[in-house]
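For the single chain, residues carry numbers from 1 onward in sequence order. Given the structure is predicted, the values throughout are model-derived calculations rather than measurements.
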Amino acid sequence: MTDITLYKGKFCLSTDKAKLDIDSIHQFLSTKAYWALNIPKDKVQTTIQNSLCFGVYIDEKQRQELQVQVL
C-alpha cells in the first residue's frame with residue numbers, strides 16, 4: 001500500500017509508519033493507557049506493522065494525543 005501524506009498549514013496527516021515515534025507510542029501505551037498498561041514494545045511494533053496507522057503532526061512533530069489507529 002502506498003503511504004499517503006496530506007498537509008494543511010502547519011498540520012500533517014500521514015499513513016507513513018516511518019514517521020511514527022515508536023518509543024513515544026510505547027511509553028504512552030505502557031504507562032498511561034489503562035487498556036495497554038505494561039504492554040511489551042515488540043507487541044506495539046507488531047501491531048503497528050499489521051495496522052493502517054494515521055499520524056498527526058504539527059510542525060513535523062508527532063502529537064501523541066492525536067494519534068489514531070485503525071485495526
S.K.: Of all heavy-atom pairs between Ile48 and Ile25, which one has the smallest distance, and what is that distance?
M.R.: CD1-CD1, 4.2 Å
S.K.: Under a 3.5 Å distance rule, please check whether His26 uses its side chain to pair with a backbone N or O of Ile39 as donor and acceptor.
M.R.: yes
S.K.: If you measure from OG1 on Thr31 to CG on Leu29, what distance do you get to the nearest 0.5 Å?
M.R.: 8.5 Å
S.K.: To the closest 0.5 Å, what do you measure between NZ (Lys43) and CG (Asn38)?
M.R.: 12.0 Å
S.K.: From Asp3 CG over to Thr15 OG1, what is the distance, rounded to the nearest 0.5 angstrom?
M.R.: 4.5 Å
S.K.: Could you measure the distance from the CG atom of Leu20 to the SG atom of Cys53? Nearest 0.5 Å is fine.
M.R.: 5.5 Å
S.K.: Rounded to the nearest 0.5 Å, how far does NZ of Lys19 lie from CG of Asp16?
M.R.: 6.0 Å
S.K.: Give me the atom names and distance for the closest heavy-atom approach of Lys17 to Gln49.
M.R.: NZ-O, 3.1 Å
S.K.: To the nearest 0.5 Å, how far apart are OG1 in Thr5 and OH in Tyr57?
M.R.: 8.0 Å
